[in-house]
Amino acid sequence: MEKLKLTIGHLYPDLLNLYGDRGNIIALQKRCEWRGIETEVIEFQLNSPIDFNALDIVFLGGGSDREQLLVGNRLKEIKDDINRYVDNNGVVIAICGGYQLLGHYYKLKDETIEGLSVLDIYTDTGDSRMIGNVVIECNLMGNPVKVVGFENHGGKTYINNHQPLGIVKYGYGNNGTDGTEGVIYKNVIGTYLHGPLLPKNPVLTDFIISNALKRAYPDTFTQLQPLDDSIELKARDYIVNRFLGRQE
Ligand code: GLN
């Protein structure tokens, strides 16, 4: 049988790496490894050229405003390439600061960071930070699923006509007012949820891996072999029960 392999591009890990975002990469790798799927992670520093054609998953983590400003200066150089990659169904997972940078802009008090315009969203600075645990309800692969995480952002994101990743059940989400959290568009997921997000939400992790494999192996890949997720789901359900009350 053909050996499957995914190449994960981690963009700017020295700058965009808040609250254990690197744990998301480890979760992607482990869940592949447990199924005999090979992974390679390529870390791109600010000056590294990026060949998006060689990537199956692009990961952008969160960052402080100062770090986002540093990254923002380089985004123009990758804007066309990443938009082509996304149009071509490339898989992207972007957390918080990285998610904001997928939009048209992130407006700070004194300056504005121009984003990649991969998503038709924009982010303004709010008056106070939105911090705490989050529970959202998503629909992944046709099934309703609760996803948990932790948010800490000053920016308020408005998603226009995009489909949100989920509906907020507990926490603030995109802007604390419209009840939406994140965006799901083609094979792109943007979200405010740190955690790290993926270890505690195996359904979401597998959704991302499946999308990448479908694109990389359209003729041979059908579905992921199931894993025993009892420990991961216990961690997830602990948070769901703590903030929403015991769920049946
Ligand atoms: N600096 C951004 C904000 O405060 C993103 C923060 C983050 O990535 N946690 O909104």
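Remember, it's 1-based here, ligands and their atoms both numbered in the order they're listed.
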| message | Could you see if Tyr99 belongs to whatever hydrophobic cluster contains Tyr122? Use Ile, Leu, Val, Met, Phe, Trp, Tyr and a side-chain cutoff under 4.5 Å. | response |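 Different hydrophobic clusters.
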| request: For Gln100 and His153, work out which heavy atoms get closest and say how close. | output: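 Taking every non-hydrogen atom into account, NE2-CB, 4.5 Å.
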Pairwise, report which nitrogen or oxygen atoms of ligand 1 are under 3.5 angstrom from protein nitrogen or oxygen atoms, and how far apart they are.
residue, atom, partner, partner atom, Å
ligand 1, 1 (N), Gly63, O, 3.0
ligand 1, 1 (N), Asp65, N, 3.4
ligand 1, 1 (N), Asp65, OD1, 2.6
ligand 1, 1 (N), Gln68, OE1, 2.7
ligand 1, 4 (O), Arg129, NH1, 3.3
ligand 1, 4 (O), Arg129, NH2, 2.9
ligand 1, 4 (O), Gly154, N, 2.9
ligand 1, 8 (O), Gly63, N, 3.1
ligand 1, 8 (O), Gly63, O, 3.4
ligand 1, 8 (O), Gly97, N, 2.9
ligand 1, 9 (N), Asn152, O, 2.9
ligand 1, 9 (N), His194, NE2, 3.1
ligand 1, 10 (O), Gln100, NE2, 2.9
ligand 1, 10 (O), Tyr106, OH, 3.3
ligand 1, 10 (O), Gly154, N, 3.0
ligand 1, 10 (O), Gly155, N, 2.8

| Electrostatic pair Arg84-Asp87, nearest N-O below 4.0 angstrom | no
| request: Before accepting this row, confirm whether a basic side-chain N of the pair Arg31/Asp229 lies closer than 4.0 Å to the acidic partner's carboxylate O. | output: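 Result for this pair is yes, salt bridge flagged.
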| Are Tyr12 and Leu70 close enough that some pair of their side-chain heavy atoms sits under 4.5 Å apart? |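 No, their side chains stay 4.5 Å or more apart.
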| task | Please name all residues satisfying salt bridge (Lys or Arg N to Asp or Glu O under 4.0 Å) with Asp178, sequence neighbours left out, ordered by chain then number. | result |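 Residues passing salt bridge (Lys or Arg N to Asp or Glu O under 4.0 Å) with Asp178: none at all.
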